[in-house]
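Start at 1 and go down the list; that is how both ligands and their atoms are numbered. Because the structure is predicted, anything quoted here is derived from the model rather than measured.
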Amino acid sequence: MDSYRHESDKDPVETREWLDSLKSVVEHEGRERARFLLERTIEDGRRQGVAPVLPLNTDYVNTVRVEDQPEFPGDEALERRIRRIIRWNAAAMVHRANKKYDGLGGHISTYASSATLYEIGFNHFFRGKDGDSLGDQVYYQGHASPGMYSRSFLEGRFTEDHMNHFRRETERGRGLSSYPHPRLMPNYWEFPTVSMGLGPIGAIYQARFNRYMENRGLADTSKSHVWCFVGDGETDEPETLGALRIAAGEKLDNLTFIVNCNLQRLDGPVRGNGKIIQDLEAVFRGSGWDVTKVIWGDNWDELFARDHEGVLREHLNAVVDGEWQRLTTASGETVRKVFFARDPRMLEMVSHLSDEQVGALRRGGHSSRKVYAGYKRALESKGRPSVILAHTVKGWRLGEAFEGSYVTHSKKKMQAAELKAFRDVLELPIADDKVEEFPFYHPGADSPEVQYLTERRRTLGGALPKRRTSVDVVETPKSELFGEFYQGMAKGEASTTMVFSRMLAKMLRDKKIGRLCVPIVPDEARTFGMDALFGQVGIYASHGQLYEPMDKGKLLYYRESKDGQVLEEGITEAGSMASFISAATSYSVLKQPMIPFYIFYSMFGFQRTGDQLWAAGDSMARGFVLGATAGRTTLNGEGLQHEDGHSHMMAMNVPNVVAYDVAFAFELAAVIEDGLSRMYEKNENIYYYITLQNEDYPMPPMPEGAKEGVLKGIYKFRNAETKLKHHVQLFGSGSIMQQVLKAQALLAEKFDVSADIWGVTSYQQLRNDGMSAERFNRLNPEATPRVPYITQVLTGVEGPFIAASDYIKATADVVARFIPGRFVPLGTDGYGMSDTREALRRHFEVDAESIAIGALDGLRQEGKLSGKDLAAAIAQLSVDVGKVEPMTV
Ligand SMILES: Cc1ncc(C[n+]2csc(CCOP(=O)(O)OP(=O)(O)O)c2C)c(N)n1
Ligand SMILES: [Mg+2]
């Protein structure tokens with residue numbers, strides 16, 4: 001009766017006594033009592049210094065024991081039929097798309113492996129948005145999307161025409177997107193998931209944000225659960241597992257991951273030489289999650305019942321995934337020979353089964369009852385997040401060429417014989433002469449299948465996936481809040497970061513929007529001088545503050561509280577971005593618009609988390625991301641890794657980002673006031689990227705009538721005092737505007753050159769406008785041509801035009817062709833380095849002297865000055881012409 005013996009067992013009889021007494025407690029007093037006794041024993045053992053190091057792994061078997069398995073509450077046969085129809089249509093849509101247009105792509109095998117996992121969720125657990133709650137948030141595995149479309153097709157939400165337009169979306173409203181993209185299907189998808197890892201980290205922070213909203217009294221999320229489907233290969237992404245601890249620390253029992261462990265990724269096995277499910281069990285348990293393994297199907301139950309000596313478990317524990325994949329496709333005869341024959345006792349266990357029956361031993365993820373049991377257990381987990389690790393076969397039921405094959409991920413079409421076999425396995429009434437067309441199958445709106453699934457969804461709160469598009473409007477503050485910033489500062493100096501900090505403090509106190517603001521910082525509030533926020537509105541802490549902060553006596557101490565407003569994320573830009581997305585999509589997901597202000601080191605935004613910023617665009621996020629300590633020479637001491645001179649170029653790649661590089665308080669005020677109105681009153685699906693700098697200088701009042709230009713990207717800041725012998729136009733952005741102003745003085749004093757000064761707040765906006773005008777003119781050659789804004793503003797203005805910013809030259813270059821005259825862009829190409837601002841600006845050639853040289857060179861190119869004049873000027877300005885070229889460093 002023993003489990004396999006341990007070689008180190010010196011006294012098997014004594015061991016037997018201990019084990020028997022445990023068994024007896026289980027039998028007579030129940031498992032709870034037995035667990036208590038074991039825990040007490042371990043506790044005592046720890047005190048005596050003999051506590052064992054506990055393994056994080058359990059055996060390679062189902063967590064829910066057969067005895068504890070709940071009744072299956074649904075109509076199993078009907079659900080099987082529904083699943084089969086969905087599986088057929090999901091494969092059909094990919095096959096048909098690729099048959100017609102080779103190369104459209106799509107995936108058949110992923111959904112084939114996870115159909116049961118989804119269907120149990122849809123029929124029994126996921127709450128929709130039309131019931132008595134805000135509903136659940138479900139993150140679908142991106143390349144399983146055909147399965148979701150097929151379910152919606154059965155529900156009558158999509159027509160056959162939609163199904164025939166999978167991956168053909170350019171005709172708006174007719175096609176179905178390759179993956180979950182809210183931007184492309186705004187009534188349907190909520191969360192873009194297909195960039196592996198972004199779904200899981202997003203789901204964790206969404207679950208936390210649900211609690212934040214609940215604790216702050218802004219949304220009732222008490223009945224909302226977050227479900228996240230994850231691929232086992234996807235768990236290799238650092239984002240997938242990197243925030244598990246956060247979920248456990250926050251006790252997010254409103255969160256469940258469902259990992260589809262088909263043991264394969266794209267190229268081959270996830271852990272050929274190991275066991276992914278065991279790896280993940282240890283990681284999740286070690287991170288404080290509740291783990292439910294769903295490994296074996298119903299027909300294994302009787303084998304386990306015969307495994308009195310634990311020999312089956314022992315061998316299941318030992319077989320590596322690479323081997324399982326081989327056995328998946330092997331015949332029953334081979335499985336018997338290769339696996340069960342490892343021990344005569346195992347052979348005996350299956351002696352009553354035919355080869356066919358041995359070959360049909362299922363993986364748990366394909367058993368409704370086992371999957372249902374897993375879900376139920378996960379949902380009952382209290383005080384911690386839960387994960388279901390479900391063992392499945394990639395390409396399940398699609399035939400030998402698909403099932404468990406290493407190439408299954410990439411297969412887009414099925415052969416005629418495979419189709420017939422697939423139809424037979426699914427028992428669908430599709431005629432032999434039709435089957436090769438792989439037609440969609442719909443049993444009719446009145447069929448028991450459709451009636452059943454519709455009724456189930458009605459009970460659970462309506463069809464899913466679904467995204468809310470009707471949005472509440474928020475009245476936003478105007479001059480009453482921003483007025484002071486338009487007036488500038490009568491005396492003293494400030495940085496744009498300080499100005500922002502003050503503006504945010506005011507917005508937080510504002511009656512209309514104060515409560516809706518969500519300041520998000522990845523451990524940099526002090527760097528940006530924003531630590532006063534901690535005291536003003538508190539830091540969100542789901543457990544409140546369990547200690548007395550050492551700065552408690554101070555007015556604005558480090559205050560954590562359950563209804564705190566600041567999301568102080570610690571050092572995780574990825575986590576902060578996930579929070580940003582949750583807050584920025586709250587208007588739709590939680591029916592409550594929120595206004596996130598995510599402020600970070602500008603280098604660690606688009607560069608570090610660019611993929612999430614892209615996904616934010618897809619998610620139709622609304623809010624402000626603020627790249628602080630920006631500018632390659634303005635953040636001077638931090639050197640190569642920190643000094644950002646290119647985030648504006650990266651921001652330009654996200655189509656719905658509105659990006660500004662601001663120099664003055666009034667510019668920032670105009671941009672934020674307008675942004676609030678555009679996003680929260682006019683409901684535009686845009687979000688803002690604003691760079692802020694940490695150099696102090698005077699903040700002037702806004703020039704009369706400049707606001708429109710500030711928002712469009714260029715405005716006249718100051719004219720030359722008097723017109724001198726030569727004349728130029730200088731563009732300045734961010735803190736380099738100060739150098740531009742100095743250059744204006746230098747040019748006038750030393751070289752008889754007068755200059756008008758323009759503030760350029762956004763090369764991106766100017767470029768977008770220019771491109772849009774060009775396109776209009778190209779396609780409407782007979783209409784009155786549109787003139788780009790920057791061209792309008794500069795037409796008739798005497799060049800040359802010299803632009804200087806703390807960003808690489810390409811940033812300004814993007815508007816070159818819209819400028820009616822000679823253009824000289826100056827910028828900070830090359831790696832950053834640490835030195836004084838003066839030295840760096842000389843190095844990168846964006847200091848006043850270099851700008852003056854740029855202006856004189858412009859005049860030389862116009863034939864107004866000679867080369868000799870320029871050489872003399874360079875000497876007069878003491879600029880070393882032999883200095884190293886910054887771009888080459
Ligand atoms: C960040 C990222 N890298 C690579 C890919 C390409 N890709 C799509 S699916 C896939 C394999 C997924 O395997 P797994 O997570 O195990 O999912 P399964 O299809 O097996 O359920 C890969 C590499 C991607 N979508 N995102
Ligand atoms: Mg996989």
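Taking the six-membered ring for Trp, Trp88 and Phe438 have ring centres closer than 6.0 Å. Taking the centre of each ring, Tyr149 and Trp189 come in below the 6.0 Å mark. Aromatic rings of Phe158 and Tyr188 (six-membered ring for Trp) have centroids within the 6.0 Å cut-off, being under it.
A donor-acceptor pair under 3.5 Å is absent between the side-chain atoms of Asn123 and the main chain of Gly74, judged by distance alone. The backbone N or O of His225 lies less than 3.5 Å from no partner atom in the side chain of Asn210, so there is not a single donor-acceptor pair.
Close approach to Gln141 involves these atoms of ligand 1, each under 4.0 Å from a residue heavy atom: 17 (O), 18 (P), 21 (O).
Here the protein heavy atom with the shortest distance to atom 15 (O) of ligand 1 is Glu234 N, 2.9 Å. Regarding atom 23 (C) of ligand 1, its nearest protein heavy-atom neighbour is Leu266 CD1, 3.9 Å. Here the heavy atom of the protein found nearest to atom 13 (O) of ligand 1 is Arg265 CA, 3.5 Å. Atom 25 (N) of ligand 1 has its closest protein heavy atom at Val194 O, 2.9 Å. Protein heavy atom closest to atom 18 (P) of ligand 1, with residue, atom name and distance, is Lys394 NZ, 3.3 Å. In this structure, atom 4 (C) of ligand 1 lies nearest to the protein heavy atom Met196 CG, 4.1 Å. For atom 19 (O) of ligand 1, the closest non-hydrogen atom of the protein is Thr110 OG1, 2.6 Å. What sits closest to atom 14 (P) of ligand 1 on the protein, heavy atoms only, is Gly233 N, 3.6 Å.
Not one N, O or S atom of Thr110 sits under 2.8 Å from the Mg ion (ligand 2).
Within the 4.0 Å cut-off (strictly below), a protein heavy atom is located near atom 2 (C) of ligand 1.
Using a 4.0 Å cut-off between heavy atoms, His143 contacts ligand 1 through its side chain alone, with no backbone atom that close. Under 4.0 Å from ligand 1, the heavy atoms of Asn260 that appear belong solely to its side chain.
Contact between Glu237 and ligand 1 is present, with at least one heavy atom of the residue lying under 4.0 Å from the ligand.
For the ring pair (Phe, Tyr, Trp, His ring centres under 6.0 Å) criterion with His124, the lone passing option out of Tyr118, Tyr375, Tyr372 is Tyr372.
The pair Glu449-Arg80 does not count as a salt bridge, with every side-chain nitrogen at least 4.0 angstrom from each carboxylate oxygen. Under 4.0 Å is where a charged nitrogen must lie from a carboxylate oxygen, and between Lys466 and Glu190 no such pair does.
Note: angle at the Mg ion (ligand 2), from O of Gln264 to OD1 of Asp232, is 100° (rounded to 10 degrees).
Side-chain contact annotation: Ser367 with Asp298, donor-acceptor N/O pair under 3.5 Å present.
Across all non-hydrogen atoms, the minimal contact from Val654 to Leu613 is CG1-O, 4.1 Å.
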